[in-house]
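Here is the structure we will look at.
Side chains included, hydrogens not; waters and symmetry mates left out as well; all remaining heavy atoms used. Residue numbering restarts at 1 for every chain, and letters A, B, ... go by the order of the sequence lines.
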2 protein chains.
Amino acid sequence: MARPPRYDETQLLDTAVRIAADAGPAAVTMSAIARASGVPNGSIYHRFPQRLALLAELWLRTVEHFQTGYFAALQSDGDPLRAGAAAARHVVAWSRQNPREAAVLLHGPQSFGRDEWPEEYARRADDGNKRVLEAVAELAERGGATAELEVDRVMLAVIELPLAVVRRYLRAGRPLPPHAEELAERCAVDLLA
Amino acid sequence: MARPPRYDETQLLDTAVRIAADAGPAAVTMSAIARASGVPNGSIYHRFPQRLALLAELWLRTVEHFQTGYFAALQSDGDPLRAGAAAARHVVAWSRQNPREAAVLLHGPQSFGRDEWPEEYARRADDGNKRVLEAVAELAERGGATAELEVDRVMLAVIELPLAVVRRYLRAGRPLPPHAEELAERCAVDLLA
DNA sequence: CGCAATGTGGAGCGTACTCTCTATTTCATG
DNA sequence: CATGAAATAGAGAGTACGCTCCACATTGCG
């Protein structure tokens with residue numbers, strides 16, 4: 001016995017991602033989302049109690065979307081070298097298929113107000129981070145890397161380095177070249193070997 | 001026959017760098033600089049005609065400061081492998097000595113309004129970029145790399161990868177660990193070999 | 001000392017943004 | 001059809017920021 005919702009969070013977050021990718025996180029204002037989506041100002045506050053909650057959801061939705069595929073790639077192969085290669089390749093491939101979400105990822109949580117998020121969101125972000133760190137640490141162990149410097153190198157190979165490849169092109173406003181996956185995978189393998 | 005200046009650009013830019021490093025580029029407002037430096041609002045506009053000019057100078061001063069040492073490292077050795085290793089190590093060492101400026105570097109020019117800079121500043125930024133690209137391309141050539149994928153790999157090894165090492169720690173708010181230089185150099189060598 | 005030249009300092013205008021508040025709309029149900 | 005729960009819509013209060021303006025201060029020089 002109630003009026004059905006006319007807008008949903010997804011629609012608003014999609015608009016917010018588009019704005020963030022095109023004009024940076026600072027441009028993701030409630031007014032901008034209202035203008036771009038046609039949803040009135042007040043209706044947005046019906047879905048998100050405050051701007052920081054919207055930014056937090058925007059970040060978490062994006063990073064969690066990324067991580068599902070990333071974990072799958074990391075565990076796709078028993079051989080740690082091949083698993084690492086698959087993970088590195090996945091980062092680039094996913095970014096190619098989701099360039100706007102990739103742009104969000106590259107900005108990092110701080111740009112979306114991470115330090116002022118309500119506890120609940122901060123915890124969700126920490127959990128996700130922890131899962132990634134554990135998965136990569138396990139990969140390093142399977143590969144025989146134990147020293148801190150060795151683990152750092154694995155982390156670099158399967159996360160930071162492929163992201164650096166993506167960043168290099170997206171920051172310049174250019175699309176990813178066809179050989180980007182190849183580049184990231186080969187470099188990752190070289191660092192892991 | 002005139003009143004001597006009481007404040008100078010350096011003082012204001014130093015404050016701006018501190019704010020940018022601690023709270024992000026968006027926090028670098030004219031009001032924030034005025035509050036943090038004790039220089040009145042109006043006096044800042046005596047040095048910088050508009051906010052974007054200040055942001056542009058902040059970015060350019062930082063990146064040019066970085067590049068002087070970087071070029072020296074790139075040309076420090078005739079052997080391309082050793083030169084690349086020195087460059088990678090320099091990126092980390094410089095970031096360790098200048099953590100706030102390094103934080104600025106990691107944000108990238110877009111975060112400082114690059115797309116809306118007056119022509120003059122945009123050109124200066126382009127020139128600096130071009131010099132770096134040329135220097136790295138020359139290094140790649142000396143190392144026998146000619147294919148586009150090979151040049152990209154060199155670019156990754158001597159710029160993006162060491163920056164990724166720095167980013168990993170600074171983004172988390174932690175200081176660079178003692179072995180960071182070693183990590184960046186070894187990984188760079190592996191990618192160059 | 002008076003003058004010209006340059007720098008200062010802070011009040012304040014216009015704008016944009018976050019968030020609130022409330023009248024209004026919509027729909028399942030009795 | 002009347003009712004009430006849930007959602008909408010948009011005006012507007014409060015705040016911060018970019019930038020302007022101009023009365024005033026500080027110097028070197030004649």
Side-chain angles (χ1 to χ4, degrees), chain A residues 1-20 22-59 107 110-118 120-121, chain B residues 1-20 22-59 107 110-118 120-121:
Chain A
M1 50 153 79
R3 176 175 182 173
R6 186 162 168 181
Y7 319 106
D8 61 348
E9 302 194 4
T10 303
Q11 168 189 6
L12 294 171
L13 289 179
D14 288 347
T15 304
V17 165
R18 185 156 43 85
I19 296 173
D22 295 350
V28 184
T29 67
M30 299 306 245
S31 317
I33 298 171
R35 276 194 301 272
S37 64
V39 176
N41 188 308
S43 299
I44 299 179
Y45 281 91
H46 218 265
R47 301 271 170 275
F48 301 96
Q50 52 173 347
R51 179 172 175 258
L52 282 172
L54 189 151
L55 291 182
E57 287 285 7
L58 155 57
W59 170 261
H107 279 291
Q110 319 289 337
S111 301
F112 293 93
R114 155 81 210 231
D115 296 341
E116 298 153 79
W117 286 354
E120 174 205 344
Y121 298 109
Chain B
M1 52 155 80
R3 177 175 181 173
R6 185 160 169 182
Y7 318 107
D8 60 346
E9 303 195 2
T10 302
Q11 168 189 6
L12 294 171
L13 289 180
D14 288 347
T15 304
V17 165
R18 187 155 42 86
I19 296 172
D22 295 350
V28 185
T29 68
M30 298 307 245
S31 318
I33 299 171
R35 275 194 300 272
S37 65
V39 176
N41 189 306
S43 299
I44 299 179
Y45 281 92
H46 218 266
R47 302 273 169 270
F48 302 95
Q50 51 173 350
R51 178 171 175 258
L52 281 172
L54 190 151
L55 290 183
E57 287 286 6
L58 155 57
W59 170 261
H107 278 291
Q110 319 289 338
S111 301
F112 292 93
R114 155 81 209 231
D115 296 341
E116 299 153 78
W117 287 354
E120 174 206 345
Y121 297 110

> Sub-3.5 Å donor-acceptor pair from the side chain of W117(B) to the main-chain atoms of L55(B), do we have one?
Replying inline: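 No; judged by distance alone, with no hydrogens or angles, the pair does not exist.
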
[X] [atom1] - [N] [atom2] separation (whole Å):
X: I44(A); N: dC17(C); atom1: CD1; atom2: P; result: 12 Å
X: H46(A); N: dA5(D); atom1: NE2; atom2: P; result: 15 Å
X: L55(A); N: dC17(C); atom1: CG; atom2: P; result: 14 Å
X: D8(A); N: dA7(D); atom1: CG; atom2: P; result: 13 Å

Which atom pairs, one a donor and one an acceptor, fall under 3.5 Å between side chains of residues 4-11 of chain A and the rest of the protein, sequence neighbours left out?
unit_1, atom_1, unit_2, atom_2, d
D8(A), OD1, Q11(A), N, 3.3

>> Counting primed atoms plus P, OP1 and OP2 as sugar-phosphate and everything else as base, spell out the protein contacts along nucleotides 25-30 of chain D at 4.0 Å heavy-atom distance: B, S or - for each nucleotide, 5' to 3'.
In response: BBBB--

> Can you give one letter per nucleotide of nucleotides 13-23 of chain D, going 5' to 3': B for a protein heavy atom under 4.0 Å from the base, S for sugar-phosphate only, - for none?
Replying inline: ----SSBB---

> So which heavy atom on A26(B) is nearest to which on R51(B), and how close?
Replying inline: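 For A26(B) and R51(B), the tightest heavy-atom pair comes out as O-NH2, 4.1 Å.
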
Donor-acceptor pairs under 3.5 angstrom involving side-chain atoms of residues 29-45 of chain A: please list them, not counting sequence neighbours.
unit_1, atom_1, unit_2, atom_2, d
T29(A), OG1, A32(A), N, 2.9
S37(A), OG, I33(A), O, 2.6
S37(A), OG, V39(A), N, 3.3

>> Applying side-chain contact (heavy atoms from CB on, under 4.5 Å), can you list everything that pairs with P49(A), at least two apart in sequence or on another chain?
In response: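 Here the qualifying residues are A53(A).
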
>> Over the length of the helix from dC1(C)-dG30(D) to dG30(C)-dC1(D), how much do the five-pair end axes diverge, rounded to 10 degrees?
In response: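 Between the axes fitted at each end of the helix from dC1(C)-dG30(D) to dG30(C)-dC1(D) lies an angle of 10°.
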
